[in-house]
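First the structure, in the form of structure tokens, and then the observations on it.
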Amino acid sequence: MRTPLAQEFHDLLERGRDRQLRLAVTGLSRSGKTAFLTSLVNQLRHAGLEARLDLLPAAREGRLLGARRINQQDLGVPRFPYDQAMLALDAEPPRWPEPTRGISELRLVIRYRPAKRGLMGADTRQLTLDLFDYPGEWLLDLPLLAHDYPSWCETQQHEGTQRAAMFADWRAAVASLDPAADADEAQLAEIAERYAQGLRAAREAGFSDLQPGRFLLPGELSGAPVLQFFPLPGIGAIDATERDAYGTESNYATLARRFRHYQQHIVKPFYREHFRRFDRQIVLVDLLGALNAGPERFEDLSRALSRLMKSFDYGQRSLLSRLFSPRIDRLAIAATKADHVTPEQHPRLVALLEALLAEPLKDLRFADVPVRALSLASIRASEAREVEHQGQRTPALRGESLTGEALLLYPGELPDRLPGREFWSRQGFDFPAFRPLPRDAGALPHIRMDAALDWLIGDKLQ
Ligand SMILES: Nc1nc2c(ncn2[C@@H]2O[C@H](COP(=O)(O)OP(=O)(O)O)[C@@H](O)[C@H]2O)c(=O)[nH]1
Ligand SMILES: [Mg+2]
């Protein structure tokens with residue numbers, strides 16, 4: 001057992017030799033992080049045997065020997081529940097892994113033969129890959145670090161009628177709160193609970209842009225005053241000197257204090273401990289799910305993503321680099337669950353993803369961060385087919401619904417640009433969720449996991 005310092009030194013050496021890589025798998029809640037990580041581990045463990053990884057040269061050339069989980073570095077963090085995920089996928093009938101409720105990490109050692117043999121003859125090498133999983137709800141708090149309380153309140157004025165309806169109760173309660181009056185604990189707790197209810201309802205209905213994230217997954221913080229704040233509508237418009245004159249026991253000052261506490265003691269440590277020192281990152285986006293959920297949810301996803309990517313802005317002056325100086329040298333963005341559309345739609349899916357992230361992509365290019373957009377299915381749950389329809393062969397998908405009905409369907413065409421009003425009124429998009437396919441032993445079926453792996457770790461396996 002190494003001391004922490006020795007471990008740190010050892011890791012540094014390994015990094016120097018290019019044999020250690022820390023990969024951040026990020027994405028909003030339900031974007032497919034757990035499925036991606038499960039599949040990634042599964043594919044690498046089966047590499048060289050049953051896994052189909054033709055787009056990863058080391059695998060294609062037979063140089064990838066496999067992977068093994070080893071003890072992770074941080075003993076205080078639970079291990080990523082890979083075995084539980086596989087048990088769910090191999091159950092009868094197969095189930096999707098349980099949603100993530102906390103943080104977990106995993107360390108893999110990948111063994112490979114370099115493409116060029118060294119002077120010492122046929123050697124094998126190892127690449128250590130550190131991965132971690134966490135609830136997507138927490139990620140949404142990252143943009144919140146860039147604000148003080150009044151400016152954060154300004155960002156929480158969401159338009160959209162469906163979403164507004166979910167916060168109607170809260171809005172009625174907060175309207176009667178005088179920012180200048182002395183704070184009443186019980187009243188603040190009650191209004192905060194209504195805010196949390198609104199957030200929960202919005203998440204349930206498929207909305208993405210939800211802050212503060214811990215209100216949705218409070219864990220041991222449930223009921224603590226640090227989670228008893230909420231935005232004060234209109235406070236940003238009041239002059240700062242006037243606000244400050246309210247006094248330290250006012251509603252305004254109390255809420256602002258709790259907001260700062262939340263930033264400093266909950267959000268910051270999470271990023272400091274887990275978002276530092278990543279070499280590479282993949283951002284997963286459930287674009288198809290948002291298309292399926294309609295225009296207001298789609299807009300909401302777009303807003304949440306652009307806020308998020310802004311805080312990930314890898315340039316010199318970005319929030320993250322100021323706070324934690326990450327050294328991300330490569331980025332992938334992926335539209336997940338591509339098995340919900342027929343294969344000829346996949347190029348459109350990527351084009352749509354690029355359109356959705358056009359602004360952040362410009363910034364990334366400007367900051368000279370190599371980035372690649374792709375579409376993938378971590379765990380393919382449908383099979384592509386062709387069916388005869390009125391004498392013509394057309395593409396279709398075969399799978400099973402979550403309740404086990406056999407499905408054969410054509411989910412429709414993706415728009416070739418960001419969907420406008422005419423897309424939503426003409427056609428929209430509607431597809432059912434698939435449950436995982438029953439399978440024999442061997443690697444999980446996937447779409448382009450190998451392309452993602454090649455971009456993320458392929459160069460280290462040369
Ligand atoms: N068809 C299909 N569904 C997927 C895939 N990946 C994830 N899903 C679905 O999306 C849900 C959320 O995925 P999960 O990995 O738990 O998301 P997380 O919250 O980001 O960890 C799963 O329960 C599945 O229903 C995929 O590759 N194909
Ligand atoms: Mg998860």
Item to check | Qualifying residues under ring pair (Phe, Tyr, Trp, His ring centres under 6.0 Å), relative to Tyr262, sequence neighbours excluded | outcome: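 Here the qualifying residues are Phe229.
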Is it the case that [X] and [Y] place a side-chain donor and acceptor less than 3.5 Å from each other?
X	Y	result
Thr124	Arg113	no
Glu344	Thr342	yes
Gln20	Asp130	yes
Arg52	His446	no
Gln211	Gln156	yes

Checklist entry - Does atom CD of Gln263 have more than 12 heavy-atom neighbours from other groups under 6.0 Å away? => result yes
Please find the pair of heavy atoms, one from [X] and one from [Y], that lie closest to each other, and give the distance.
X	Y	answer
Asn42	Ala443	OD1-CA, 3.3 Å
Phe80	Leu106	CB-CB, 3.9 Å
Pro419	Pro415	CB-CG, 4.2 Å

Can you list everything that forms a side chain to side chain donor-acceptor pair (under 3.5 Å) with [X]? Sequence neighbours excluded, please.
X	value
Gln390	none
Asp459	Arg280
Arg393	Glu386, Glu388

Next on the checklist: So that I know where these two stand, are Tyr134 and Phe270 an aromatic pair - ring centroids less than 6.0 Å apart?
Outcome noted: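 Centroid separation for Tyr134 and Phe270: below 6.0 Å.
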Item to check | Worked check of side-chain contact (heavy atoms from CB on, under 4.5 Å) between Tyr410 and Leu397 | outcome: CA-CA 6 Å; Tyr410 179 66; Leu397 295 177; over 6 Å; no
Roughly how far, to the nearest 0.5 Å, is [atom2] of [Y] from [atom1] of [X]?
X	Y	atom1	atom2	result
Asp450	Leu53	CG	CG	5.5 Å
Asp286	Lys33	CG	NZ	10.5 Å
Leu374	Ile333	CG	CD1	8.5 Å
Leu308	Thr26	CG	OG1	7.0 Å

Restricting to salt bridge (Lys or Arg N to Asp or Glu O under 4.0 Å), what partner residues turn up for [X], sequence neighbours left out?
X	value
Arg95	none
Arg439	Asp90
Glu296	none

Item to check | Pairing of Arg200 and Glu204 as salt bridge, 4.0 angstrom limit | outcome: no
Checklist entry - Can we say Arg22 and Asp279 salt-bridge, meaning some charged N sits less than 4.0 Å from an Asp/Glu carboxylate O? => result no
List the atom pairs, with distances to 0.1 Å, where a side-chain N or O of residues 376-384 and a protein N or O form a donor-acceptor pair under 3.5 Å, not counting sequence neighbours.
unit_1	atom_1	unit_2	atom_2	d
Arg380	NH1	Ser382	O	3.0
Ser382	OG	Asp339	O	2.7
Glu383	OE1	Arg385	NH2	2.9
Glu383	OE1	Arg398	NE	3.4
Glu383	OE1	Arg398	NH2	3.3

All N/O donor-acceptor pairs, side-chain side in residues 348-356, below 3.5 Å, sequence neighbours left out:
unit_1	atom_1	unit_2	atom_2	d
Arg348	NH1	Leu414	O	2.5

Next on the checklist: Within the 4.5 Å heavy-atom criterion, are His346 and Arg448 side-chain neighbours or not?
Outcome noted: yes
Checklist entry - Do Leu129 and Val109 have side-chain heavy atoms sitting under 4.5 Å apart? => result no
Next on the checklist: Applying side chain to side chain contact (heavy atoms under 4.5 Å, CB included), can you list everything that pairs with Glu61, at least two apart in sequence or on another chain?
Outcome noted: Pro57, Arg63
Item to check | Partners passing side chain to side chain contact (heavy atoms under 4.5 Å, CB included) against Glu400 (at least two apart in sequence or in another chain) | outcome: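 For Glu400 the side chain to side chain contact (heavy atoms under 4.5 Å, CB included) partners, ignoring immediate neighbours, are Arg435.
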What donor-acceptor contacts under 3.5 angstrom involve side-chain atoms of residues 162-173, with partners at least two apart or in another chain?
unit_1	atom_1	unit_2	atom_2	d
Gln162	OE1	Arg297	NH1	2.5
Arg163	NH1	Asp209	O	3.0
Arg163	NH1	Asp300	OD1	3.1
Arg163	NH2	His158	NE2	3.1
Arg163	NH2	Asp209	O	3.0

Checklist entry - Can you list the steps and then say if Thr128 with Arg107 is a side-chain hydrogen bond (donor to acceptor under 3.5 Å, both in side chains)? => result CA-CA 7 Å; Thr128 306; Arg107 180 171 264 203; 5.8 Å; no
